[in-house]
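Read through the structure below, which is laid out as structure tokens, and then see the notes.
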Amino acid sequence: MTVVTRFAPSPTGYLHIGSARTALYNWLFAKHHAQYGSGGRFLLRIEDTDRQRSTQQAVDAIIDGLRWLGLDWDGEALSQFSRIARHAEVAHQLLAAGNAYKCYCTPEELQEMRDAARRAGRPVRYDGRWRGRDPAEAPKGVDPVIRLKATTEGETVIDDLVFGHITVGNDQLDDMVLLRADGTPTYMLAVVVDDHDSEITHIIRGADHQRNSFRQLQIYRAQGWQAPLFAHLPLIHGADGAKLSKRHGAVGVETYREEGFLPEALCNYLLRLGWSHGNDEIISRDQAIEWFGLDAVGRSAARFDRDKLASVNGHYIRQTADAALVDLVLPRLKASLKGGFAVDASTRLMKGMAELKERAQTLVELADNAAFYAHTRPLPMDGAAAKTLDTAARSRLRALRDRLAGVDGWSAAGLEKATRAYAEGTAVKLGQVAQPLRAALTGGTASPGIFDVMEILGRDESLGRLDDVLAAAK
RNA sequence: GUCCCCAUCGUCUAGCGGUCUAGGACAUCGCCCUCUCAAGGCGGGAACACGGGUUCGAUUCCCGUUGGGGACGCCA
């Protein structure tokens, strides 16, 4: 049997980090079955029936996010809105079959009903007052909604692929609205119809949909349709243990992209957040496809830990080819350095990347650390660097300057040798010379090995930067 | 309030009755390396929520308590 999964986001303006994980799991599940089972497809459907919220930009944000993460879908993305006629058709079938009925309650009446229930400590739900009522009693001028005539006795059980048996009494499920007064379908109806028509076999979605699944199951039953299998994913929480939302800060995938996280790293982190394969932490996409299964998905909610994400990102940065990192970092540097962007920045970055990438957890950090390579003279000094360049340090640099200038070939090894010889000759620790050098050449107090830096900068640039500092001292 | 679900280090997790004096990763602390910062190596501290069962034996199974989360829309 071919597995068919889907990701069905509603366009809210960004791809939520939790939705991204849901998409990833659906994608992996389908890919796994495509490669190691008897077939798998992953579909994308945009739940855009709420016309107010659904803008093209919001849809684009989701699609961009998925593309960036490398989660491709089979076929065209389906617009749920394009299928409202079909949804209405099913609602009317349900009505004709006696599995649904018209309800003439006004929104105010429903609100009162809920308030009263809450006050009395009763469960808050529709009391079914139009369930058996004669439509002849319908009030004038009120357009009815169509509600499902839900089963009231017994219980509904889901054999959840991650939670196991979950049960709810049918008396807990009320007669939900299928078709609004204006004739448009509700989410509850549209999802079921679309999932059925698309022949979805596995619905993998957040645990916040658990209750919806029970209710939707009743629609499948009423239509005599075979229901798909359900797998609910524990939610991702913020540091405070509550469902991850805007108030927790960055919640959209594109924010992480801007903050310099690699898509592979984000996917790896998200994969491990709620799913495990023994003690494996860094898992390639191919391995993930091979190993992924719903049985290893955890059942408790996980807190989003940015530090761990950053650590994983650091791993991926170190794994990424130098040239690719240069391409990623160059635009960031051009934007931040503006006019101070040196012509041979790209060449220097390429040479220095191997050492640079050991020292960064994000592309933002990488760009910051690489800025001294890309900057034109004179280099700006940060506070600590300026402090390092005190009178004593400057005089040492002045003495060292010509020795360096005399080094044949300007290689890191030769420069180091000359510097060490100078330090030994003047009974000064290497650090007392190397740190001022670092400050003068990079404008900071932390950098890759300073002799490598000098080699990459080249003789003219290095000496020039040194002279800038020495001249400023006069 | 009603219903559903969850429960191992600070965090993510391994564990699927005895292999547990509970393993890994992130974070944290210390040491090594060292021209700085990283990376890397070594090491330390840190958890089975509680109470009952079941069993020869429970982190693992069952029940309860406590704690936490989610859902209760003519939103999706």
Side-chain angles (χ1 to χ4, degrees), chain A residues 8-12 47-50 52-54 80 103 105-107 110-111 114 117-126 143-147 160 163 166-169 171-174 176-182 184-188 190-191 206-212 214 232 234-235 237 239 241-243 269 272-282 295 298-312 314 318 355-361 365 369 384 388 416 419-420 423 429-439 442 444-451:
Chain A
S10 56
T12 49
E47 311 254 306
D48 54 358
T49 49
D50 185 334
Q52 265 75 44
R53 281 193 227 175
S54 305
Q80 187 158 67
C103 165
C105 287
T106 61
L110 292 170
Q111 192 54 49
R114 291 188 200 104
R118 217 177 281 271
R119 256 182 277 121
R122 290 196 317 268
V124 181
R125 48 186 119 84
Y126 176 67
D143 290 326
V145 300
I146 295 180
R147 285 183 183 271
D160 194 296
F163 284 98
I166 49 176
T167 308
V168 71
D171 56 347
Q172 302 298 325
L173 273 18
D174 63 4
M176 65 211 164
V177 173
L178 264 18
L179 218 53
R180 300 188 184 96
D182 64 3
T184 61
T186 60
Y187 160 79
M188 216 57 84
V191 177
D208 51 343
H209 280 282
Q210 198 168 289
R211 197 177 197 82
N212 292 337
F214 284 118
H232 293 96
L235 300 182
H237 286 173
K243 188 176 173 179
Y269 175 71
R272 279 288 289 108
L273 195 65
W275 176 88
S276 61
H277 183 268
N279 282 334
D280 294 306
E281 295 287 347
I282 300 298
D295 47 326
R299 287 178 302 178
S300 47
R303 299 188 188 201
F304 190 83
D305 182 356
R306 194 194 165 88
D307 283 348
K308 182 142 184 182
L309 202 211
S311 165
V312 173
R318 276 170 255 137
E355 275 199 273
L356 247 17
K357 70 182 180 184
E358 295 286 319
R359 297 166 164 76
Q361 288 197 313
E365 252 183 76
N369 296 344
T388 300
E416 176 164 3
T419 307
R420 281 185 187 276
K429 283 188 184 169
L430 182 60
Q432 291 179 278
V433 192
Q435 268 310 84
L437 260 182
R438 170 169 286 111
T442 71
T445 51
S447 81
I450 196 60
F451 304 110

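Chain letters run A, B, ... following the sequence lines, proteins first, then strands; residues in each count from 1. The figures here come from the full heavy-atom set of this structure, side chains too, leaving out hydrogens, waters and symmetry mates.
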Considering only side-chain heavy atoms of [X], which listed nucleotide, [options], is closest?
X	options	answer
A:R299	B:rC6, B:rC37, B:rC35	B:rC6
A:R359	B:rC72, B:rC37, B:rC5	B:rC37
A:A181	B:rC4, B:rA76, B:rC74	B:rC74
A:R438	B:rC3, B:rC35, B:rA38	B:rC35
A:D208	B:rA76, B:rG70, B:rC26	B:rG70
A:V168	B:rG24, B:rA76, B:rC3	B:rC3
A:Q361	B:rA27, B:rC74, B:rU13	B:rA27
A:V124	B:rG1, B:rC3, B:rC5	B:rG1
A:R211	B:rA7, B:rC3, B:rA76	B:rC3
A:S276	B:rC74, B:rU2, B:rU13	B:rU13

What contact category does [X] fall into here, base, sugar-phosphate, or nothing, at under 4.0 angstrom with non-hydrogen atoms?
X	result
A:S447	base
A:T12	nothing
A:H232	nothing
A:I450	base
A:K429	nothing
A:C103	nothing
A:T445	base
A:L110	base
A:R303	sugar-phosphate
A:N212	base
A:P448	base
A:T49	sugar-phosphate
A:V145	base
A:G449	base

| request: Using whole Å, report how far CD of A:E358 lies from P of B:rU34. | output: 17 Å

| task | Please state how far atom NE2 in A:H277 lies from atom P in B:rG15, giving the value in whole angstrom units. | result | 10 Å

Which value, in whole Å, describes the distance between the [atom1] atoms of nucleotides [N] and [M]?
N	M	atom1	value
B:rG64	B:rG70	C1'	22 Å
B:rC37	B:rC32	P	13 Å
B:rG45	B:rG51	C1'	30 Å
B:rC31	B:rG69	P	40 Å

| query | Can you find a heavy atom in the side chain of A:Q172 that is under 4.5 Å from one in the side chain of A:F214? | reply | no

Can you tell me if [X] uses its side chain to pair, donor with acceptor, with the backbone of [Y] under 3.5 Å?
X	Y	result
A:D48	A:Q80	yes
A:R359	A:E355	yes
A:R303	A:A239	yes
A:T184	A:R180	no

| remark: Mate of B:rC42 across any strand shown (Watson-Crick or G-U wobble, both atom pairs under 3.5 Å) is B:rG30

| field | Pairing nucleotide - B:rC3, Watson-Crick or G-U, each distance under 3.5 Å | value | B:rG70

Do any side-chain nitrogens or oxygens of [X] fall under 4.0 Å of OP1 or OP2 in [N]?
X	N	result
A:K308	B:rU13	no
A:R119	B:rG1	no
A:R420	B:rC35	yes
A:R147	B:rC74	yes

| field | Contact nearer the 5' end of RNA chain B, comparing A:A360 with A:A302 | value | A:A302

| note | Of A:E281 and A:P144, the one whose closest nucleotide on RNA chain B sits nearer the 5' end is A:E281

| So A:Y126 and A:V177, side-chain contact (heavy atoms from CB on, under 4.5 Å) or not? Walk me through it. | CA-CA 10 Å; A:Y126 176 67; A:V177 173; over 6 Å; no

| field | A:R318 with A:E358: basic N within carboxylate O range, under 4.0 Å | value | no

| query | If you measure from the Lys or Arg side-chain nitrogens to the Asp or Glu carboxylate oxygens, is any gap between A:K308 and A:E281 under 4.0 Å? | reply | yes

